[in-house]
Amino acid sequence: MKLYYAIGACSLADKIALAEAGIPCDFERVELHTRTTETGADYAAINPKGYVPALVLDSGEMITENIAILSWIAEQSPTLRPEGPLGWFRLLESLAYISTEVHKSFHTFFIPDVTEEAKEKARALATLRLDYLAASLGDAYLLGPKLTVADPYLFVIMTWAKPNGVVLPAPLAAYYERMKARPAVAAALASEGLQV
Ligand SMILES: N[C@@H](CCC(=O)N[C@@H](CS)C(=O)NCC(=O)O)C(=O)O
């Protein structure tokens, strides 16, 4: 199995979730500017979407999109999804919110030459989305007392907050430190040379 990733990108969520699940995986770095991988391969030929993450299974089949990859990991490792009859749907609800509302609200910061006015609007939107999560945070993690695959996704997006002037609400700042202290998270950050 191989995860195509870029340094500090949302693919870090999948790397953390794979480690938390104990699923062995190889990693190949993608240079997003050139769409080539560290082995010199043409990434666009591997994943025509051109962006990370992409997970190639041992069968050779490829899964893209964080929601799909993280759901696949949760299916392999049921401890990483919430329990109860609505557990699976709570997970999808959470992944969808993180992807389409929180992740998307940070998109502006990665557009080259974006105006300060656009950044200010993006900060306001990101804060609104994070405020909702701060208010609905579970006992220790997003969906309750135990970690699910939604947590690494939210955590990785939160690593982009400070460098872009987005202030984390207090409950999320504490949650951020809790996540950082997990060995799988610390190891994944170190593997990409990140200090967050
Ligand atoms: N819809 C995709 C979005 C993934 C995404 O935004 N990837 C970013 C890194 S966080 C990327 O590769 N951007 C480079 C590009 O779009 O060219 C998903 O949720 O997996």
Side-chain angles (χ1 to χ4, degrees), residues 1-21 23 25-57 61-76 80-81 88 91-114 118-119 122-123 125-126 129-130 133 142-143 148-166 168 176 179 185 188-189 191-196:
M1 189 176 312
K2 186 189 280 182
L3 179 74
Y4 288 91
Y5 76 100
I7 302 278
C10 52
S11 45
L12 181 60
D14 309 283
K15 195 187 262 191
I16 294 170
L18 285 163
E20 293 281 3
I23 299 173
C25 188
D26 295 328
F27 301 100
E28 187 158 336
R29 195 180 70 245
V30 177
E31 294 300 340
L32 291 170
H33 301 302
T34 58
R35 302 268 190 267
T36 53
T37 79
E38 63 183 307
T39 63
D42 174 9
Y43 184 59
I46 295 164
N47 175 11
K49 287 179 175 171
Y51 52 74
V52 292
L55 181 69
V56 179
L57 304 179
E61 293 160 295
M62 186 171 73
I63 308 177
T64 61
E65 303 296 325
N66 281 295
I67 294 178
I69 296 172
L70 292 168
S71 299
W72 182 86
I73 295 168
E75 197 183 69
Q76 311 307 304
L80 291 176
R81 64 186 203 221
W88 188 250
L91 180 63
L92 288 182
E93 187 178 35
S94 187
L95 290 174
Y97 184 77
I98 297 167
S99 176
T100 65
E101 304 299 336
V102 190
H103 187 169
K104 199 174 155 199
S105 72
F106 278 80
H107 178 70
T108 305
F109 302 121
F110 298 102
I111 302 172
D113 303 326
V114 75
K119 281 189 190 170
R123 275 184 205 111
L125 182 61
R129 299 300 185 231
L130 291 172
L133 289 177
L142 204 46
L143 292 171
T148 71
V149 293
D151 292 294
Y153 196 5
L154 175 60
F155 171 76
V156 170
I157 293 167
M158 289 196 305
T159 65
W160 306 335
K162 200 170 167 190
N164 291 298
V166 176
L168 295 178
Y176 187 67
M179 285 296 292
V185 175
L189 288 169
S191 76
E192 298 192 8
L194 298 170
Q195 286 184 319
V196 297

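Keep in mind that what you see is a predicted model, and the values were worked out from it rather than measured. Along the sequence shown, residues are numbered consecutively beginning with 1. Read the numbers this way: they start at 1 and go in the same order the structure lists the ligands and their atoms.
A salt bridge links Glu192 with Lys15: the closest approach of a Lys/Arg side-chain nitrogen to an acidic carboxylate oxygen falls below 4.0 angstrom.
When only non-hydrogen protein atoms are considered, atom 17 (O) of ligand 1 lies nearest to Arg35 NH2, 3.0 Å. Distance from atom 14 (C) of ligand 1 to its nearest protein heavy atom, with residue and atom name: Leu32 CD1, 3.8 Å. With respect to atom 4 (C) of ligand 1, the closest heavy atom belonging to the protein is Val52 O, 3.3 Å. The closest protein non-hydrogen atom to atom 20 (O) of ligand 1 is Asn66 N, 2.9 Å. Atom 18 (C) of ligand 1 has Glu65 OE1, 3.2 Å as its closest protein atom, hydrogens excluded (heavy atom only). Nearest to atom 15 (C) of ligand 1 among the protein's heavy atoms is Tyr51 CB, 3.9 Å.
A donor-acceptor pair under 3.5 Å links the side-chain atoms of Ser11 to the main chain of Ala6, judged by distance alone. Side chain of Ser71 to backbone of Ile67: a donor-acceptor contact under 3.5 angstrom is found. No side-chain donor-acceptor contact under 3.5 Å links Arg129 to the backbone of Ala126. Using modelled atom types, no side-chain atom of Ser94 and backbone atom of Leu91 make a donor-acceptor pair closer than 3.5 Å. Without hydrogens or angle criteria, Asp42 side chain to Ala44 main chain gives a donor-acceptor distance under 3.5 Å.
Against a heavy-atom cut-off of under 4.0 Å, Cys10 is close to the following atoms of ligand 1: 4 (C), 5 (C), 7 (N), 9 (C), 10 (S). Taking a cut-off of under 4.0 Å to the non-hydrogen atoms of Pro53, the atoms of ligand 1 that pass are 20 (O). In the vicinity of Ala9, heavy-atom distances shorter than 4.0 Å reach the ligand 1 atoms 9 (C), 10 (S).
Residue contacts with ligand 1 include Tyr153, since one or more of its heavy atoms lies under 4.0 Å from the ligand.
The proximity of His103 to ligand 1, defined as any non-hydrogen pair under 4.0 Å, is limited to the side chain.
Polar contact check, Trp160 against ligand 1: no nitrogen or oxygen pair lies under 3.5 Å apart.
Here the shortest heavy-atom pairing between Trp160 and Cys10 reads CZ2-N, 3.7 Å. For the pair Met179 and Phe155, the tightest heavy-atom approach, listed with the atom from each and the gap, is CB-CD1, 3.5 Å.
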